[in-house]
Number of protein chains: 2
Amino acid sequence: MPANSSSPGTFMVRKLSSIFSLSDEEKQALHDLPMQVVPLERDQDIVRAGDQPSQCCLVLEGFTYVYKLTLEGQRQILALHVPGDIPDLQSLHLKVVDISLAPIFPCTVGFIQHEDLRRLYERYPRLTAVLWRETLVHASIHREWLLNNGQRAAYARLAHLLCELLMRLSAVGLVENDTFHLPVTQSELADATGISSVHMNRVLQALRADGLIETQGKQVHVLDLEKLKQAGGFDPLYLQLEDGVAT
Amino acid sequence: MPANSSSPGTFMVRKLSSIFSLSDEEKQALHDLPMQVVPLERDQDIVRAGDQPSQCCLVLEGFTYVYKLTLEGQRQILALHVPGDIPDLQSLHLKVVDISLAPIFPCTVGFIQHEDLRRLYERYPRLTAVLWRETLVHASIHREWLLNNGQRAAYARLAHLLCELLMRLSAVGLVENDTFHLPVTQSELADATGISSVHMNRVLQALRADGLIETQGKQVHVLDLEKLKQAGGFDPLYLQLEDGVAT
DNA sequence: CGCCTAGTTGAACTTGGTCAATCGGAGTGG
DNA sequence: CCACTCCGATTGACCAAGTTCAACTAGGCG
């Protein structure tokens, strides 16, 4: 690992290099990307639908999510992002973004200029594939969510979502003893799974009653991962993780 | 348009160049891609979940769709593809595909070797962005489907899906007088929108009764596009079409 | 202490699912 | 040409998961 392993880009490099072996030079180039580190406020969209951004957002600490609204104002959360993710990398090639991106407070992100990214992969062509791949994995997660939200009952949907978060947070080293920090509201979980917040509350209680999870404040402790996977019909293939756990 | 405008790749070139102005040389390179043209049989998957393909599939005539199954065997259709689409372009960078790809009979596709695609965009770097962009647009459609299937009632879901198909088929010149050919079963429409086939039948009848559409065999005739868009809360931004209609 | 947000609970209600039977049209073999 | 078969479309009756509305509780913070 390069010398500056505590630079803002650490999670990103860790994540990208875990699935595509990079040379030290390429890793260093990623670390050296100019980045504007910004701690975000509550209720402040990072990107708004209709924007034409000239930069991308890298999650450094905490979570972000992308969402869309129907004309009637119902919110669907389309994806959650963990440290190391670049939620709006697609804006590099799609002029107008059609989604909104918001942080889950507290959250710190790094803004990277599109032109710096383009310079990066023109100089290191293999990094094109790495970044492209990053967008493809997010598309793969979208597909799994379509299956999850379209074909599974509410209980299974939540179980599946929790399995996914456990795996993705493990991959960047943010899980200990099957426990992770998840500072989202029940209403956000509901909008991610396409159920009402009242029902989300009941489903959470059911998962607790069945001994699959335990929550303390915003900590989620998975008590029985095997049962949780089974309940959600979870198969991690779609996450395209190589080994699954960061060192 | 290059001389061989009736080559198998015509729809693809038409589609890709409509959103990213290409030089004649780049268009010609796309036309010249080696391709194995295959008319498909009924009930024959093109790609199966778990495969590690060394080629991509370009839709030439008809439709294809990707789907996933839950462990209980329920099918969710994740995307529909029209001529010019490359449904499994992601396999270029994701080793194991996690989805299955199937044709809607009758259907003809062209298989393009991954190495030929790589050679193409190494020689014409701007085409990297074009292909990357293609995968990003599909991801954008996935997001809209998540919103559609998660937040809208069945009637609106179907209206939205029909609007999308009308726009995408228009973009490749396959719509005349607001009429297009859609050789899918009601059961497939149901699995795409996450409702039961019985209910899909009723929703279709409702759309017909309300005078929004008319069907004759597998032809769909949109009678009132404005009302259909309104019913589905349809906003075409996510399709990232430049002008929307092919010449 | 009071406010505000998120979480929790109960009860009535609705959308859409399930089951089961029937219809209809296209292809097939006699 | 006709009977047979098969698959998809259609219909009706009943059922259940999840929504909606409304009230109430609990925790964090100025």
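The chains referred to below are lettered A, B, ... by the order of the sequence lines, with proteins before strands, and numbering in each begins at 1.
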Measure the distance from [atom1] on [X] to [atom2] on [N] and round it to the nearest whole Å.
X        : N      : atom1 : atom2 : answer
B/Gln216 : C/dG24 : CD    : P     : 19 Å
B/Lys218 : C/dA26 : NZ    : P     : 11 Å
A/Leu204 : C/dT9  : CG    : C1'   : 15 Å
A/Gln205 : D/dA26 : CD    : C1'   : 14 Å
A/Phe105 : D/dC29 : CZ    : P     : 10 Å
B/Arg42  : D/dC6  : CZ    : C1'   : 12 Å
B/Leu207 : D/dT10 : CG    : P     : 13 Å

Counting side-chain heavy atoms from C-beta on, which of C/dA6, D/dG12, C/dG10 comes nearest to B/Arg202?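 Out of C/dA6, D/dG12, C/dG10, the nucleotide with an atom closest to B/Arg202's side chain is D/dG12.
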Estimated bend of the helix from C/dC1-D/dG30 to C/dG30-D/dC1 (axis per five terminal pairs, rounded to 10 degrees):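 Both end axes considered, the difference amounts to 40°.
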side-chain hydrogen bond (donor to acceptor under 3.5 Å, both in side chains) against B/Ser196, all qualifying residues, sequence neighbours excluded: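 With sequence neighbours excluded, B/Ser196 shows a side-chain hydrogen bond (donor to acceptor under 3.5 Å, both in side chains) to no residue whatsoever.
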For B/Ile104 versus B/Tyr65, what's the shortest heavy-atom pair and its separation?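 Closest pair (atom of B/Ile104, atom of B/Tyr65, distance): CG1-CD2, 3.6 Å.
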Taking all atoms of both residues into account, what is the closest heavy-atom pair of B/Gln186 and B/Met200, and its distance?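 Heavy atoms of B/Gln186 and B/Met200 come nearest at O-CG, 3.5 Å.
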How long is the straight-line distance from CG of B/Leu165 back to CE of B/Met167, given to the nearest 0.5 Å?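 Taking CE in B/Met167 and CG in B/Leu165, the distance rounds to 11.5 Å.
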Using heavy atoms and a sub-4.0 Å distance, could you list which residues of [range] are near DNA chain C? By number, please.
range                       : value
residues 65-82 of chain B   : none
residues 191-201 of chain B : B/Gly194, B/Ile195, B/Ser196, B/Val198, B/His199
residues 142-155 of chain B : B/Ala153, B/Ala154

Quick test of your reading: applying salt bridge (Lys or Arg N to Asp or Glu O under 4.0 Å), list the pairs with at least one residue in residues 72-88 of chain B, sequence neighbours left out, ordered by first then second residue.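 Sorted pair list: B/Lys15-B/Asp85, B/Arg75-B/Asp191, B/Asp85-B/Arg168.
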For residues 172-187 of chain B, which residue pairs pass the salt bridge (Lys or Arg N to Asp or Glu O under 4.0 Å) check, not counting sequence neighbours?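 Non-adjacent pairs meeting salt bridge (Lys or Arg N to Asp or Glu O under 4.0 Å): zero.
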So which protein nitrogen or oxygen atoms get under 3.5 Å of nucleotides 23-25 of chain D's nitrogens or oxygens?
none

Tell me whether B/Lys68 contacts the main-chain N or O of B/Ser100 through its side chain, where contact means a donor paired with an acceptor under 3.5 Å.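 Checking the backbone N and O of B/Ser100 against the side chain of B/Lys68, no donor-acceptor pair under 3.5 Å is found.
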Could you list the residues that satisfy side-chain contact (heavy atoms from CB on, under 4.5 Å) with B/Gln44, not counting sequence neighbours?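 B/Leu40, B/Glu41.
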Return the set of residues passing side-chain contact (heavy atoms from CB on, under 4.5 Å) with B/Val175 (not counting sequence neighbours), or none when no residue passes.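 Only B/Leu166, B/Leu169, B/Ser170, B/Phe180 meet the side-chain contact (heavy atoms from CB on, under 4.5 Å) criterion with B/Val175.
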Side chains of [X] and [Y] only: does a donor on one sit below 3.5 Å from an acceptor on the other?
X        : Y        : result
A/Asn149 : A/Thr193 : no
B/Arg208 : B/Thr215 : yes
B/Glu144 : B/Asn148 : no

Show me the pairs that pass ring-ring contact (aromatic ring centres under 6.0 Å, His included) and involve residues 152-177 of chain A, at least two apart or across chains.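 Only A/His160-A/Phe234, A/His160-A/Tyr238 qualify under ring-ring contact (aromatic ring centres under 6.0 Å, His included).
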Count the heavy atoms of every other residue, nucleotide or ligand shown that sit under 6.0 Å from CD of B/Gln230, and state whether that count exceeds 12.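 Atom CD in B/Gln230 is not crowded, with 12 or fewer foreign heavy atoms closer than 6.0 Å.
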Give every donor-acceptor pair under 3.5 Å between a side-chain atom in residues 47-63 of chain B and any protein atom, sequence neighbours left out.
| from | atom 1 | to | atom 2 | distance (Å) |
| --- | --- | --- | --- | --- |
| B/Arg48 | NE | B/Asp45 | OD2 | 3.0 |
| B/Asp51 | OD2 | B/Arg48 | N | 2.9 |
| B/Gln55 | OE1 | B/Gln113 | NE2 | 3.0 |

Any side-chain heavy-atom pair from B/Ile77 and B/Val66 closer than 4.5 angstrom?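 Counting from C-beta outward, B/Ile77 and B/Val66 never come under 4.5 Å.
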